[in-house]
Amino acid sequence: MKLTLTPSTIHPPFGRYAHGVKATGSGILVASGQLGIGPDGTVPADAEAQARICMDSIVAILREGGLTLSDVVRLNAFVTHHDYFAPYMAVRDEYLADLRQKPASTLVVAAGLSRPEFLVEIEATAVF
């Protein structure tokens with residue numbers, strides 16, 4: 001059975017997809033790539049603030065699926081410039097600081113994201 005997860009507390013998806021899917025038969029929750037856009041549609045100009053929105057959105061998706069960051073086994077992140085590595089990693093490390101077991105993590109520099117104002121995108125995979 002699959003449960004789609006689209007928390008009302010985060011910006012709605014830009015297309016015909018769910019922010020997350022919890023596949024109860026397999027014990028996996030997958031969160032779509034989250035962008036640095038607030039619920040009201042605002043996009044901060046800096047990578048750190050965008051990364052914080054991305055992580056808050058992932059937390060909301062996990063919460064809607066009955067999970068927490070401690071259930072995450074992998075984070076994939078995309079930034080549009082090398083200068084955004086440090087701000088993203090600082091936010092990631094802050095959110096994961098209290099976790100006994102850290103998830104696997106990948107960070108990629110991408111030529112661009114879905115809109116030019118987006119500097120960071122983060123997706124997550126969790127198990128339960």
Side-chain angles (χ1 to χ4, degrees):
M1 182 170 120
K2 293 189 298 185
L3 173 65
T4 59
L5 307 168
T6 305
S8 62
T9 57
I10 64 179
H11 193 276
F14 288 115
R16 296 181 63 163
Y17 62 91
H19 277 308
V21 174
K22 184 177 182 181
T24 56
S26 66
I28 296 174
L29 184 152
V30 179
S32 295
Q34 297 301 302
L35 295 161
I37 185 168
D40 61 356
T42 59
V43 178
D46 65 287
E48 182 178 345
Q50 287 192 25
R52 194 168 302 286
I53 291 171
C54 295
M55 290 300 292
D56 286 344
S57 296
I58 288 170
V59 168
I61 294 163
L62 292 166
R63 186 180 312 116
E64 186 164 297
L67 304 178
T68 68
L69 282 173
S70 64
D71 299 304
V72 172
V73 294
R74 184 172 183 88
L75 288 173
N76 294 323
F78 308 89
V79 297
T80 59
H81 195 279
H82 286 91
D83 290 348
Y84 305 144
F85 269 40
Y88 159 73
M89 289 188 296
V91 171
R92 179 202 59 198
D93 293 351
E94 175 188 326
Y95 277 73
L96 303 180
D98 294 333
L99 300 184
R100 189 173 52 83
Q101 292 183 310
K102 308 300 189 238
S105 181
T106 298
L107 177 56
V108 175
V109 175
L113 300 173
S114 60
R115 292 189 345 211
E117 63 266 34
F118 295 129
L119 310 175
V120 179
E121 184 169 344
I122 307 170
E123 59 187 30
T125 304
V127 297
F128 56 95

For residues 30-40, the side chain to side chain donor-acceptor pair (under 3.5 Å) pairs (sequence neighbours left out) are His19-Gln34, Asp40-Thr42

Partner residues of Tyr84 under the side-chain hydrogen bond (donor to acceptor under 3.5 Å, both in side chains) criterion, sequence neighbours left out | none

Residues in ring pair (Phe, Tyr, Trp, His ring centres under 6.0 Å) contact with Phe128, at least two apart in sequence or another chain | none

Are Val127 and Ile58 joined in one hydrophobic group, where the rule is that I, L, V, M, F, W and Y side chains link up if heavy atoms are under 4.5 Å apart?
-> no

Could you tell me which non-hydrogen atom of Ile53 sits nearest to which non-hydrogen atom of Gly38, and how far apart they are?
-> CD1-N, 4.0 Å

For Arg52, check salt bridge (charged side-chain N to carboxylate O under 4.0 Å, His left out) against everything at least two apart and list the hits.
-> Glu48, Glu94

First locate atom CG of Leu62, then atom CE of Met55, and finally report the distance between them rounded to the nearest 0.5 Å.
-> 8.5 Å

Any chain of hydrophobic side-chain contacts (each under 4.5 Å) joining Val30 to Tyr17?
-> no

Can you pull the side chain to side chain donor-acceptor pair (under 3.5 Å) pairs that have at least one residue in residues 64-73, sequence neighbours excluded?
-> Thr68-Ser70

Result block: side-chain N/O donor-acceptor pairs under 3.5 angstrom for residues 109-124, not counting sequence neighbours:
residue	atom	partner	partner atom	Å
Arg115	NE	Glu117	OE2	2.8
Arg115	NH2	Glu117	OE2	2.8
Glu123	OE2	Asn76	ND2	2.9

Check whether Met89 and Leu69 end up in the same hydrophobic cluster, where Ile, Leu, Val, Met, Phe, Trp and Tyr are linked by side-chain heavy atoms less than 4.5 Å apart.
-> yes

To the nearest 0.5 Å, atom CZ of Phe14 lies from atom CD1 of Ile37 at 4.0 Å

Identify whether Val91 and Val59 are in the same connected component of the hydrophobic contact network (ILVMFWY, side-chain heavy atoms under 4.5 Å).
-> yes

Leu29 vs Ile61 side-chain heavy atoms within contact, under 4.5 Å | yes

If every non-hydrogen atom of Ala47 is compared with every non-hydrogen atom of Pro87, which pair is closest and at what distance?
-> CB-CB, 4.2 Å

Cut-off 3.5 Å, no hydrogens considered: what does the side-chain donor-acceptor table look like for residues 1-11, sequence neighbours left out?
none

Are side-chain heavy atoms of Thr106 and Arg74 found at a separation under 4.5 Å?
-> yes

Quick one: name the residues clustered hydrophobically with Val21, using the 4.5 Å side-chain heavy-atom rule over I, L, V, M, F, W, Y, and just say none if it's on its own.
-> none

Validation row: Leu96, Leu75 side chains within 4.5 angstrom (heavy atoms) = yes

State yes or no: do Val79 and Val43 share one hydrophobic cluster built from I, L, V, M, F, W and Y residues joined by side-chain heavy-atom distances below 4.5 Å, directly or via other members?
-> no

